[in-house]
Amino acid sequence: MTTEKFSTLASVVEQLPSHLFCGHEQVFIKRDDLIHPIVSGNKYRKLKLHLQKVMQENKNRLVTFGGAFSNHMVATASAAASHGLKSTAFIRGEELEVNFNHYLKTASLFGMEFIPTERLAYATKKNSLFDLHFGKDSGAYFIGEGGESEEAEWSASEIVDELPLDTDIIVLASATGTTAAGLLRGICASKRSIKVYPITILKNAQAQQLKLDNLSIPYNYEIISEFDFGGYAKTNDALFVFIKEFISATGIVIDPVYTGKALFALKSCIESGRFESTKKIVFLHTGGTLGIFSDRYLKNIGSEILVCR
Ligand SMILES: *Cc1c(COP(=O)(O)O)cnc(C)c1O
């Protein structure tokens, strides 16, 4: 079997309606959400090199960590199933009990097994947990939480070659900064002058800044940290109004944890003049569309159903 289970074609770049972005005529979106319905966006990019290794080394199980709202965990479960592999996720025990949500159920659908783990062990002993449970299992392959790894950065760097040649700015939702780091590597390697604006979707701007600074490649990015809405998976009404307006005007699904916040930030930055109207902006859709389809979020989308009489 090969890793060419998922399309290797470059995802399309589409223009977004200017009325959604204060009249800006040059806002585009790179549709990495279309790579695969479950293994979407940057989670596919992050898994790609791992899957190549797994197949070369004849491993038979992917092992990773997952939070109850982890796109990486679901992507790992789905990618494992389509490559004939088994999958296991360490998950904090209390989340299995209280939060057996649609992420965990979707991962279960692909056959993922869970190992409930105490909060402390989960937080501090990730690698040793793997050794404890799979140290003697030569078929098991470990992938870090959120898919964070150097391999992940290298495959994210490939996105740069797929961007329109006249791209001035790329904007994306950023959590570990891995995808942003990959973009910077790609931009540096291709000698293009694209500026990267990572939008931090949780309160870790300093850590992300450090990670990108440590790449020690020419400074070509600016972290935007004012749009985390209070922290990871925190939301407000204005965010849901924007998400509903965006989805109904474009047909492109975005979520409240990642891409919804980042597009909201993009719009606000255009509004405030931070992004000039002459610049060609590409928003990277990093996937994660499963996020909006939880009752918890859908109930915020509005109670009035439009009925024609
Ligand atoms: C995981 C994820 C991110 C964050 O990517 P990083 O490389 O960790 O910064 C952004 N958007 C979506 C939809 C994600 O699932």
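Counting convention: from 1, in listed order, for ligands and their atoms alike.
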Worksheet entry | Cationic N near anionic O, under 4.0 Å, D228 to K234 |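 Here D228 does not pair with K234 in a salt bridge, since their nearest N and O are not under 4.0 Å apart.
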Discussion item. Tell me the contacting part of N42 for ligand 1: side chain, backbone, both, or neither, using a 4.0 Å heavy-atom threshold, strictly below.
Written reply: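 Side chain only.
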Practice prompt. Test the K279-F21 pair against the cation-pi criterion, namely NZ or CZ under 6.0 angstrom from the six-membered ring centroid and within 45° of the ring axis.
Written response: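 Not satisfied by the 6.0 Å and 45° rule.
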Worksheet item: Would you say K46 touches ligand 1, if touching means a heavy atom closer than 4.0 Å?
Response: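 The answer is yes: ligand 1 sits under 4.0 Å from a heavy atom of K46.
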Fill in: Exceeds 12 heavy-atom contacts within 6.0 angstrom, atom CD of E222
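Yes.
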Fill in: Residue D237 excluded, over 12 heavy atoms near CG under 6.0 Å
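No, not enclosed.
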Practice prompt. Number the atoms of ligand 1 from 1 as they appear, then name those within less than 4.0 Å of a heavy atom of S174, with their elements.
Written response: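 Counting from 1, the qualifying ligand atoms are 9 (O).
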Worksheet item: In terms of ring plane angle, is the pair F283 and H285 parallel, tilted or perpendicular, where the classes change at 30° and 60°?
Response: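 Perpendicular.
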Worksheet item: Where do E226 and K261 land on the salt bridge (Lys or Arg N to Asp or Glu O under 4.0 Å) test, with the steps shown first?
Response: CA-CA 10 Å; E226 305 95 284; K261 285 185 184 177; over 6 Å; no
Discussion item. Using a 4.0 Å cut-off to any heavy atom of T179, which atoms of ligand 1 qualify?
Written reply: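 Once the distances to T179 are compared, the set is 5 (O), 6 (P), 7 (O).
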Worksheet item: Less than 3.5 Å between some nitrogen or oxygen of G288 and one of ligand 1, yes or no?
Response: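 By distance alone, the answer is no.
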Discussion item. Please work out, at 4.0 Å between heavy atoms, whether the side chain, the backbone, both, or neither of N71 comes within that distance of ligand 1.
Written reply: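 Looking at N71 and ligand 1, just side chain atoms fall under 4.0 Å.
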Worksheet entry | Atoms in ligand 1 flagged as close to G287, the criterion being non-hydrogen separation under 4.0 Å |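 Heavy-atom distances to G287 below 4.0 Å select 13 (C).
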Worksheet item: Quick one: does ligand 1 sit under 4.0 Å from the side chain of H72, the backbone, both or neither, non-hydrogen atoms only?
Response: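 Near ligand 1, H72 shows nothing, with every heavy atom at 4.0 Å or more.
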Worksheet item: Taking the side chain as C-beta and beyond, is there a heavy-atom pair between L284 and V171 under 4.5 Å?
Response: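 They are not in contact (no side-chain heavy atoms under 4.5 Å apart), so the answer is no.
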Discussion item. So for ligand 1, is Y258 a polar contact partner (N or O within less than 3.5 Å, distance only)?
Written reply: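 There is no such contact.
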